[in-house]
Amino acid sequence: MNRRAFLASLGAAGLAYAGYRLWPDQGIINPCISGLPDTLAQHPLMQQIWEGIDPEQVWDSHVHIVGTGDSDSGIWFNPNMDSWLHPSLKIQKKFYENGACAEPSEIDHSTISRMLTLSKEMPTGYKSLLFAFDWFHDEQGIARKENSIFHIPNQYAAEIAIAHSQYFEWVASIHPYRKDAVDALVEAHARGARAVKWLPPGMGIDPASPKCDAFYRKAADLNIPIITHTGKESAVQGGDQNHGNPLRLRRAFDHGVKVIMAHCASDGDDEDFDDGNKRISSLALFTRLMDTPDYEAFAYGEISALTLVNHAWAIKPILERTDWHHRLINGSDYPLPAIMPLINTRQLYQMGLLESEHLPFLQALKTYNPLMFDFAVKRLLQFNGNHFSQQVFETRRFFERNLVA
Ligand SMILES: [Zn+2]
């Protein structure tokens with residue numbers, strides 16, 4: 001294992017450190033500055049990134065709530081994340097808190113107020129889909145706190161979204177093995193959840209298990225999409241990485257469920273069940289699903305984290321598939337874009353995906369508003385004349401349509 005692979009094995013903290021060592025000028029600590037200066041707000045590139053886009057249609061489909069439960073939110077973090085016995089977990093938590101601009105005295109509230117500040121600087125109509133996050137559950141469908149890394153209750157995500165409905169929508173998280181999974185799905189749908197979020201390796205979900213069938217039937221019935229992690233998982237450690245294999249989602253597609261495959265499986269490799277379980281890139285397996293004619297109406301790719309240092313290699317092959325663009329959905333994976341070393345505009349420039357004149361604008365924007373920064377990077381990416389079309393960002397229609405059964 002080389003040094004970079006070793007650091008990557010430490011998760012987001014290791015990646016941040018690797019990114020910092022390679023490009024120290026990109027900074028390591030989010031300075032958490034507020035108030036976009038006119039030089040950025042009026043910048044010609046600012047006009048360029050919003051040109052032809054209807055902000056009322058721009059919903060960021062992948063946004064994490066960061067907190068520790070120091071309010072009555074019900075948020076829970078594994079205590080290992082606060083222990084130097086688990087240094088990579090502890091450092092990782094620090095990076096998340098810094099990215100989200102958490103104030104130590106009131107972490108839950110300060111991270112939400114930071115998101116509100118950032119959202120208010122976005123053009124009117126722009127919204128973020130806030131994720132709840134369910135417990136790890138065992139094979140019997142029992143919640144296992146000790147195996148969970150964190151927990152964000154559905155109730156809390158819903159409350160925040162309802163309290164600030166001009167900026168937020170919410171996404172429920174429901175483990176499909178739960179005894180009450182179907183009832184919880186019906187309830188979340190009735191309360192306006194726009195989708196369901198799964199992190200199969202971190203939550204103990206095998207999407208190919210028959211134990212998901214009742215959940216799939218109800219999700220198809222309600223026409224509510226599942227946003228699920230695909231490919232290698234670095235941000236949340238533990239669990240069975242095989243559960244992120246995109247091919248395991250065939251079971252959901254066969255039930256007629258719309259699935260948004262987060263990150264387009266752009267990191268890691270997985271077993272190819274169609275070819276003697278040979279390991280090939282997870283992206284190649286994602287590609288096979290996207291290219292399966294029967295799945296055309298169900299398989300969607302989501303481009304959050306694609307610009308991260310360990311995913312960026314996948315940008316070109318995805319940009320070139322313009323025939324997929326109507327099935328690609330933008331998400332930021334906030335607070336990841338706010339963790340300074342994780343997205344590196346210089347790397348993207350060196351790959352021929354950004355122009356040199358984009359860099360000072362993007363670098364400045366990153367310190368003020370990571371949501372705007374993430375949007376700007378993806379709008380400016382270009383290769384061989386291909387860029388992410390406006391429909392990749394105007395995702396509201398997709399989520400609204402899915403509320404109508
Ligand atoms: Zn995420």
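Note that ligands are numbered from 1 as they come in the structure, with each ligand's atoms numbered from 1 the same way.
- Between F375 and F393, the ring planes are perpendicular. Angles over 60° get that label, and only those under 30° would be called parallel.
- Protein nitrogen, oxygen and sulfur atoms, that is N, O or S, within less than 2.8 Å of the Zn ion (ligand 1) amount to 3.
- Between H137 and H175, the ring planes are tilted. Angles from 30° to 60° get that label.
- Applying the side-chain contact (heavy atoms from CB on, under 4.5 Å) criterion to A376, with sequence neighbours excluded, gives I49, F361, L362, L365.
- Within the cation-pi definition used here (under 6.0 Å to the ring centroid, within 45° of the axis), K197 does not qualify as a partner of F131.
- For the side chain to side chain contact (heavy atoms under 4.5 Å, CB included) test with N154, the passing option among D134, V171, I174 is I174; the others fail.
- At least one test fails for K378 against the ring of F388: distance under 6.0 Å to the centre or angle within 45° of the axis.
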